[in-house]
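As the structure is a prediction and not an experimental result, all values here were calculated from the model. We name chains A, B, ... by the order of the sequence lines, and we start the count at 1 in each one.
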Amino acid sequence: MLRLYDTIHGEVRDLVTRDPGRLSMYVCGPTVYDLPHLGHGRFTLVWDVARRWFTFRGLDVHFVSNITDIDDNIINRALREGTTESGVAQTYEDEWWAAMSLIGVARPDDVPHATQYVPEMVTLIESFLADDVAYVISDGVYFDTSRVSDYGLLAGQALDSLRAGARIEASEEKRSPLDFALWKFAKLGEPRWEAAFGAGRPGWHTECVVMSLGLLGNGFDLHCGGLDLKFPHHENERAQAVAAHRPFAQHWGHNGWVMVGDEKMSKSLGNFTSLTDLLARTDARAYRLLVIRSHYRSPIEVSPATIADAERALARLDSLARRFDLPALAGEMLVRQRDFDFTQQSEVLVHHVSELLDEDLNTPLAVAELFDAVSRANTLADQGKMTEARDLAVAVTVLFAALGLSVFSAVHASDDDDQLLVHARDQARSEGNWAEADRLRDELVTRGWIVEDSVEGTRIRRA
RNA sequence: GGCGGCGUGGCCGAGCGGUUAGGCAGGGGCCUGCAAAGCCCCGUACUCCGGUUCGAAUCCGGACGCCGCCUCCA
């Protein structure tokens, strides 16, 4: 049984699915008004890993993640740059998918865009107004949080204590500081959708509840996002579902922050690194390895040092693939356990790792187990037990692939001149002409290769 | 003010009462023509103070320090 920490209950619980064998999963996606940063990178990696693991274990996962393509930040950016909102959204959505592709995050099964769901949102807001769960003030339509008796469930706080701590908001018209905008009336020149209660645009919290329920239906299984969405975003989604008398997500997952030094990386602190920048100068797999080396609910430290550490660890995995000449797995492809035949020894490894990952996605322990298996595979190979060694190495790469980490021999295309040098070196070595062999190695190194000898002859890979 | 989390060896990072986490870096050795890759050995950590226990990094109490949420944020 797969188990996962649930935010509402505050404990690891069985991940019970609405339909046997099928998992419906919604992850709050980005608002596309800027380049993705490392925090986006982490949450997409964490839930991509979850999706992949659940899939590996045999679940038929329906994975939905939205794009918020209308929002104040988008409007502001369009104003500042003298372009259109849709232009801004398109630009940064393109950047988003480019980064996702580089980082190996598989495309969701459905990618709803907020602007495509406005009529459904209007209908929902109308029903709230009819039920007096929502009210209109000068700048928009607001949700009356006092109408949801268990408001604060996700935050683990009662309405009263939340209200006591709430800071003063700009609008004095709101019945409570906690009430949130369902709809913002359009000011002059702003994008607008017509509605009986006044032309405008939807609020963020309304978008996600409409899209998740719209695509996954009542009582879908799992709703995920970064820890900072727990409150108020997810709470407000939930409140709307409650007010609409629709069963909502049965299980909630939240991932931890990306830290810079001792501070959370965030837009408001301005201490963020764009994912796009990182990927331009680093093997994207290193970031995935860095992410899965710690638990998804823990904060992670991202710095040049921790990235470099992960890159070197990755090199160890790649050298295993190189040693056994293993094919690359993962990428867009989601691997499934049932598609592989494991030998008895490998089966033991798969079993151990599965136990760790099935229990709240304990990727750090799983990774430790896998690195341990790397050593064992190399030891077996050193002892000449190549068949056993290779079986274990294959299992390691399959399991990493199940986490979306593609392990491969990073041999990039070498041109004919390089190959001539390699052959010449093999020739020199077979003749015991060490001086010439060393000279040829130096030349290959100058050309940007790392040279390794093996029983099969000289092998080169990119430095 | 309310709620939650954290403090582990040079660094990252697990651990949920007793056993080697793992990675990276460092030292020694093996292998190798020399390297590289790989293998073996080594470090003996848990903020502090009490308590429970045969035994605590792990449970309880307290202190100190740090972080986050309650506002847009992944």
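- Put simply, the side chain of A:Tyr5 reaches to within 4.5 Å of the side chain of A:Val12, judged on heavy atoms.
- Both A:Glu452 and A:Leu290 lie close to RNA chain B; mapped to their nearest nucleotides by heavy-atom distance, the more 5′-ward contact belongs to A:Leu290.
- In terms of the side-chain contact (heavy atoms from CB on, under 4.5 Å) criterion, A:Pro327 has no residue partners (sequence neighbours excluded).
- When each of B:C24, B:A14, B:C12 is scored by its nearest atom to the side-chain atoms of A:Ala313, the top-ranked nucleotide is B:C24.
- A heavy-atom distance below 4.5 Å is not found between the side chains of A:Asp221 and A:His251.
- Atom-to-atom, CD1 of A:Ile307 to P of B:G23 comes out at 19 Å; the value is rounded to the nearest Å.
- The pair A:Arg439-A:Asp442 fails the salt-bridge criterion, with no side-chain N (NZ, NE, NH1 or NH2) lying under 4.0 Å from an Asp/Glu carboxylate O.
- Contact check, A:Thr306 against B:C11: no side-chain N or O comes under 4.0 Å of OP1 or OP2.
- Comparing the P positions of B:G50 and B:C12 gives an interatomic distance of 28 Å, to the nearest angstrom.
- With both ends at atom P, the span from B:C31 to B:C40 equals 15 Å, rounded to whole Å.
- For A:Phe231, counting side-chain heavy atoms from C-beta on, the closest listed nucleotide (B:C69, B:C11, B:C72) is B:C69.
- As rounded to the nearest Å, B:G17 and B:A56 have P atoms that lie 14 Å from one another.
- Under 3.5 Å, the side chains of A:His62 and A:Asp110 contain a donor-acceptor pair of N or O atoms.
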Symbol by symbol from the 5' end, with Watson-Crick or G-U pairs under 3.5 Å, [ ] crossing and | another strand, RNA chain B is ((((((((.[[[..)..(...]]].(((((.......)))))....[[[[[..)....]]]]])))))))....

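- Spacing between B:G5 and B:C16 at atom C1', rounded to whole Å, works out to 16 Å.
- Distances shorter than 4.0 Å separate some side-chain N or O of A:Ser375 from OP1 or OP2 on B:C39.
- At B:A21, none of the side-chain N or O atoms of A:Asn362 fall inside 4.0 Å of OP1 or OP2 (strictly under the cut-off).
- For the pair A:Asp144 and A:Arg175, the salt-bridge criterion is met [side-chain N within less than 4.0 Å of a carboxylate O].
- Between B:C41 and B:U20, the two C1' atoms lie 13 Å apart (nearest whole Å).
- Nearer to the 5' terminus of RNA chain B, by closest-nucleotide assignment, is the contact made by A:Ala437 (compared with the other of A:Ala437 and A:Leu227).
- A:Asp109 places a side-chain N or O within 3.5 Å of a backbone atom of A:Phe63 that can act as its donor or acceptor partner.
- One interatomic measurement links the two molecules: CZ of A:Arg42 to C1' of B:C12, which rounds to 13 Å at whole-angstrom precision.
- As rounded to the nearest Å, B:C11 and B:C46 have P atoms that lie 13 Å from one another.
- Taking atom P in both B:C64 and B:U44, the straight-line distance is 33 Å, to the nearest Å.
- Salt bridge status for A:Arg13 with A:Glu11: present, with a side-chain N to carboxylate O gap under 4.0 Å.
- In this model, the phosphate group of B:A14 is approached by a side-chain N or O of A:Ser298 to a distance below 4.0 Å at OP1 or OP2.
- Across all strands shown, A:Gly256 has heavy atoms under 4.0 Å from base atoms, whether or not it also approaches the sugar-phosphate.
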At a cut-off of 3.5 Å, list every protein nitrogen or oxygen paired with a nitrogen or oxygen from nucleotides 3-5 of chain B, distance to 0.1 Å.
{"unit_1": "B:C3", "atom_1": "O4'", "unit_2": "A:Gln157", "atom_2": "OE1", "d": "3.1"}

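- Within the structure, every side-chain polar atom (N or O) of A:Asn73 is placed at least 4.0 Å from both OP1 and OP2 of B:C72.
- Between A:Trp252 and A:His254, the ring-plane angle classifies as parallel under the 30° and 60° cut-offs.
- Counting atom types as modelled, A:Arg441 pairs a side-chain N or O with a base atom of B:A35 as donor and acceptor under 3.5 Å.
- In this structure, of B:G22, B:A74, B:C34, it is B:A74 that holds the atom nearest to the side chain of A:Asp228.
- Separation of the A:Tyr92 and A:Tyr33 ring centroids does not fall under the 6.0 Å cut-off.
- The base of B:C72 lies outside donor-acceptor range of the side chain of A:Asn76, with no N or O pair under 3.5 Å.
- Side-chain contact annotation: A:Asp94 with A:Gln90, donor-acceptor N/O pair under 3.5 Å present.
- Judged by distance alone, with hydrogens and angles left aside, A:Asp372 brings no side-chain donor or acceptor close enough to the base of B:G22 to form a pair under 3.5 Å.
- Residue side chain A:Arg425 reaches the base of B:G33 through a donor-acceptor N/O pair under 3.5 Å, judged by distance alone.
- Ring orientation note: the planes of A:His234 and A:His223 are nearly perpendicular, at an angle over 60° on the 30°/60° scale.
- The base of B:C24 does not come close enough to the side chain of A:Arg316 for any donor and acceptor atom to sit less than 3.5 Å apart.
- The stacking criteria are not both satisfied for A:Phe43 over the base of B:A74, which would need a centre-to-centre distance under 5.5 angstrom and an angle between ring planes under 30 degrees.
- Note on A:Val46: nothing from the nucleic acid sits closer than 4.0 angstrom, heavy atoms only.
- B:A14 and B:G7: their P atoms are spaced 9 Å apart (whole Å).
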